[in-house]
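This report refers to the structure that appears directly beneath it.
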Amino acid sequence: MARGQLAFLLRMCASKNSISRAKFLVRTQNFVSLREFDNWVLGNKYCCASSYGGYRQFSTKFVDLFASEFGSKNPRDVGTYKSVDERTSSSSIQDGDEKSNEYSCSSNSSVTVVESVEFEDVLENRVEGGICEVNEGGITDLTRVTVGEENNSEGVLLKEKVGKVNVAFRDPIELYQELCNAQNKDKLKRSDWQTIQDVFFCFGKSGWAANQALAVYIGMSFFPTAVSKFCDFFSKRSVKFLFPIFVEYCIEEFPGEIRRFKSMIESADLTKPHTWFPFARAMKRKIIYHCGPTNSGKTYNALQRFMEAKKGIYCSPLRLLAMEVFDKVNALGVYCSLLTGQEKKKVPFSNHVACTVEMVSSDELYDVAVIDEIQMMADPYRGYAWTRALLGLKADEIHLCGDPSVLNIVRMICLETGDELYEQHYDRFKPLVVEAKTLLGDLRNVLSGDCIVAFSRREIFEFKMAIEKYTKHRCCVIYGALPPETRRQQASLFNDQDNEFDVLVASDAVGMGLNLNIKRVVFNTLSKYNGDKNVPVPASQVKQIAGRAGRRGSRYPEGLTTTLQLEDLDYLIECLKQPFDEVKKMGLFPFFEQVELFAGKLPNVSFSRLLEKFSENCRLDGSYFLCKHDHIKKIANMLEKIQGLSLEDRFYFCFAPVNIRDPKAMHHLLRFASVYRSAKNDEELLDLESKHQVLSAYLWLSNQFKEGSFPYAKKVEAMATDIAELLGQSLVKACWKLIELLLIEPCMGF
Ligand SMILES: Nc1ncnc2c1ncn2[C@@H]1O[C@H](COP(=O)(O)OP(=O)(O)OP(=O)(O)O)[C@@H](O)[C@H]1O
Ligand SMILES: [Mg+2]
C-alpha cells in the first residue's frame with residue numbers, strides 16, 4: 001500500500017429491491033485519515049450514510065452524486081468509472097500488482113477508485129453475509145446488512161445489529177477511540193511484552209518515522225517519549241489494534257487460501273432454509289396454529305380438517321401417536337395408511353397417511369397437513385424434522401398443534417415464506433389438580449387409573465413387580481425400547497376396561513399427545529439421567545407427561561398429578577406453574593445433498609470428521625441452530641472401518657434408529673453395514689454361498705412335506721432371492737478372489 005494512503009471500501013447500495021450493488025475500493029490520496037476523507041465527502045455535500053466497520057457506506061444518492069462528479073453515465077457500473085479515467089485522470093498509481101485509476105476531484109485532494117473484483121469478492125461475503133461468530137452450532141450471523149426493505153426514505157442503508165461487531169471490520173480510528181476509553185484487563189505474557197518492546201525499539205529508532213512525525217508537529221526531541229508512551233498504550237491493547245491490519249494483510253497476501261475457505265464455508269451454508277423448498281414457496285399456504293396447553297383439543301380440531309380433506313398427512317412426534325391416529329381415523333371410516341421409520345401399512349384406496357415427522361416427504365402434494373407438537377422444532381436432536389416439515393410441506397392448509405412456545409417463531413417463518421397464518425387459542429378442558437398428599441413413598445397407595453412415571457427400564461419393572469406383589473392391581477408397561485406393536489398392545493390393554501390391568505408404569509414415552517385412560521400421573525422422580533449425569537426433568541416435559549391425566553372422552557375426564565415422594569412435590573408444582581418459555585431458535589440439519597456438496601471440498605476425510613467440520617463451519621441464520629448429532633458421529637466412527645460404503649450409505653446408516661448405548665444393537669448395525677454391500681473376500685463369498693444352500697434346503701423340504709410344516713417358506717424364498725442377488729454383485733467385483741487363489745494355489749495353473 002502506498003505510503004500515506006488509507007485503503008477502504010466504499011460500499012454503495014444500488015436501487016431498492018435490487019441485490020446488485022456497485023462496489024469500489026477507494027483509496028484516498030493526500031488525506032491524512034479516513035475522517036479527513038469523510039470531511040471531504042461532507043464538504044462536497046455528499047451524504048455519507050453510515051460507516052460499516054472500517055469502511056464507509058454511501059447511499060444511492062451519494063453514488064449518483066459521485067457519478068456525476070466523475071461524469072459516469074451509470075453510477076452502478078464499475079466499468080463506467082474506469083472509463084472516466086481518460087478524461088479526468090491526472091496520473092496513474094502503480095501499487096504492487098494492483099492497477100489504480102486516479103481521478104482528480106476538488107481542491108488539492110484526490111480519490112483513487114480501484115476496481116478490485118477479487119478483493120471485493122472476499123470482502124463481500126464478510127460484509128454482506130454479516131459478521132460471524134463461531135459457536136457450538138456453527139457460525140451464526142450476528143450482523144446482517146439487508147438492502148431493500150431496510151433502506152429508509154433517504155436511501156440510507158441501515159445496519160441491523162444483532163450482536164457485537166467483529167474487530168476485523170472496524171475502522172482503526174474508531175477502534176483507537178474505543179481503546180482509549182476502554183478499561184484494559186488483558187495482561188500480556190512476558191515474551192509477548194518483550195516482542196512488542198523490540199518492535200517499538202525499532203520504531204523509535206526509525207529516522208523515517210521521526211521525520212513523518214514532524215509533519216504532525218511532533219518534534220524530534222519529543223518523538224522518543226511519544227513512542228515510549230505509545231508503546232505502553234499499544235502493549236495493553238495490541239491484539240485489537242493489530243487485527244484490522246492483519247485482516248488487510250491476509251486479504252492481500254492470501255487470496256487463494258481465503259477463496260478456498262470461503263468456498264468451503266459456502267458449501268456449508270444453511271442460511272435461508274425456507275428457500276430450500278421452492279415448490280412449497282411457490283404455493284400460497286394457509287397455516288393454522290392450534291395453540292394451547294395439553295388436553296385442550298388442539299389435535300382433535302386439526303384432525304377434523306385432516307379427515308375432511310381429499311388428501312391429508314398427519315405428522316406425529318411418536319410412533320405410538322401415529323398409530324393412535326391411524327386407528328382412530330380408520331375407525332371413523334377414513335382410509336388412512338401408516339408410515340413410520342419401521343412400518344409401512346398401506347391401506348388400499350387410502351389418500352390419507354399418518355406418519356412420524358421424520359418420514360414426511362416434501363414431494364407429495366396434500367390438501368391438509370397436520371404437524372403435531374410443533375414446539376418440538378426446538379428439540380436439540382430432532383428439531384430439524386419439524387422445521388423441515390413446516391418449511392417444506394406442499395399442502396394448501398397446514399395445521400400446527402402445540403404449546404405457545406414457538407408461536408413467535410412460526411409468525412416469523414410465515415413472514416419469510418409468505419404463508420398466511422391463522423391462530424386458534426385453546427384452554428385446557430378441565431384444570432389439572434395437584435394432589436398434595438403424594439404417595440408418601442408407598443406403592444401400596446397406588447390406585448386404579450394411576451400411571452407411575454419412571455425414567456429407567458429397570459425402575460419400570462421394579463415398580464411393576466412391587467405393585468403386583470403388594471396390591472391387587474395389575475400393571476401394563478410402556479417404554480421407549482419396546483417395539484411399537486408391543487407398546488400399542490400394552491396401551492390398549494390398559495385402556496380397555498374389561499380386564500384387570502388398571503395401572504400403567506411408563507417412561508416419558510407416554511409424554512406426547514397420547515390419549516390414555518389415566519386418572520392420575522404419579523412421578524417416581526423428577527430427575528433423569530442424560531447419558532452423563534442426573535438432571536431435573538425440564539418443566540415443559542413435566543407438563544406434557546402430567547397432561548396425560550384426565551383426558552376428555554376418557555374414563556377419567558378430570559386429571560390429577562402427584563409424586564411418589566413428598567420431597568419432589570414442590571418441583572412438580574413449580575413446573576406446572578411455569579409459563580411456556582418463548583423459544584428463540586429452531587433446529588436444522590443438512591440434507592444428504594448438502595453434506596455431499598461439503599464433502600466435495602474436503603476429500604479424503606472420514607465421515608465423522610466431515611460432520612465435525614460441517615458443524616464447525618456451517619453458517620446459520622440467527623433463528624436456527626444445528627441439531628446435535630453426537631449419536632450420528634458415534635455410529636459414523638463405528639462404521640469407519642467398513643470399506644466400500646458410499647457417502648450416502650454412511651449417511652443413512654448413521655440415521656438408523658439404534659440405541660448407541662446398547663452394544664448389542666450397535667454390533668448388529670455394524671454387521672448389517674458389513675454385509676450391506678457385496679462380499680469383499682473369499683470367506684464372505686463362501687458365507688453367502690452356504691447361507692443360500694441352507695435356505696434352499698428349507699425350500700426343498702417345504703416342497704416335500706405337507707403344507708404348513710415349514711411355515712416360513714415365503715420369507716425364506718425372499719431371503720434366498722436377496723442372497724442370490726448379493727452373490728451376483730459380489731462375483732462382478734470378484735477380482736480379489738482370483739488374486740487370492742493365485743497366491744494360495746499357484747500350481748493349479750490359473
Ligand atoms: N370437541 C371435542 N369433542 C369430543 N372430544 C374431544 C373434542 N375435543 C377434544 N376431544 C377429545 O379430548 C381429548 C384430548 O384432545 P386432544 O388430543 O385434541 O388434546 P391436545 O390439546 O392435542 O392435547 P396434547 O397437547 O396432550 O396433545 C381427545 O381424546 C379428544 O378426542
Ligand atoms: Mg395433541
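Numbers here simply count residues along the sequence, with the first being 1. Each ligand, and each atom within it, is numbered from 1 in the order the structure gives.
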Distance (rounded to the nearest 0.5 Å) between R281 CZ and W276 CH2: 12.0 Å
For ligand 1, which atoms, with element, lie under 4.0 Å from some heavy atom of E373? 27 (O)
Which option, F429, Y426, Y300, owns the non-hydrogen atom nearest atom 31 (O) of ligand 1? Y300
Taking only heavy atoms of S296 into account, list the atoms of ligand 1 that are under 4.0 Å away from them. 19 (O), 20 (P), 21 (O)
Tell me, which protein N/O/S atoms are under 2.8 Å away from the Mg ion (ligand 2)? T299 OG1
Using 30° and 60° as the class limits, which term best fits the ring planes of F607 and F651: parallel, tilted or perpendicular? perpendicular
Roughly how far, to the nearest 0.5 Å, is the OG atom of S316 from the CD atom of E358? 9.5 Å
How many angstroms lie between atom CZ of R488 and atom CD of E324, to the nearest 0.5 angstrom? 10.5 Å
Measuring from L504:CG to I452:CD1, what's the distance to the nearest 0.5 Å? 9.0 Å
Return the closest protein heavy atom for atom 25 (O) of ligand 1 as residue, atom name and distance. K298 NZ, 2.7 Å
Out of all atoms in ligand 1, which are within 4.0 Å of some heavy atom of T299? Include the element for each. 18 (O), 22 (O), 27 (O)
Using heavy-atom distances only, which candidate in R428, R551, R552, R548 approaches atom 17 (O) of ligand 1 most closely? R551
Contact between ligand 1 and P293 is defined here as a heavy atom of the residue under 4.0 Å from a ligand atom; is it met? yes
When rounded to the nearest 0.5 Å, the distance separating CZ of R319 from CZ of F326 is 15.0 Å
Which residue and non-hydrogen atom of the protein lie closest to atom 19 (O) of ligand 1, and at what distance in Å? G297 N, 3.2 Å
If I take atom CG from residue N517 and atom CZ from residue R555, how far apart are they, to the nearest 0.5 angstrom? 5.0 Å
shortest atom 23 (O) of ligand 1-to-protein heavy-atom contact is with N295 N, 2.9 Å
Where at least one partner belongs to residues 363-381, residue pairs that pass salt bridge (charged side-chain N to carboxylate O under 4.0 Å, His left out), sequence neighbours excluded: K311-E364
Check the pair E308 / R305 against salt bridge (Lys or Arg N to Asp or Glu O under 4.0 Å), numbers first and verdict last. CA-CA 5 Å; E308 283 162 23; R305 286 291 301 142; 2.7 Å; yes
Where ligand 1 meets T294 - atom numbers and elements under 4.0 angstrom, heavy-atom basis: 23 (O), 24 (P), 25 (O), 26 (O)
Report yes or no: do N534 and S527 form a side-chain donor-acceptor pair below 3.5 Å? no
If we ignore angles and hydrogens, is there a donor and acceptor under 3.5 Å between the side chains of D508 and Q541? yes
Tell me, which protein residue and heavy-atom name are nearest atom 28 (C) of ligand 1, and how many Å apart are they? N515 OD1, 3.3 Å
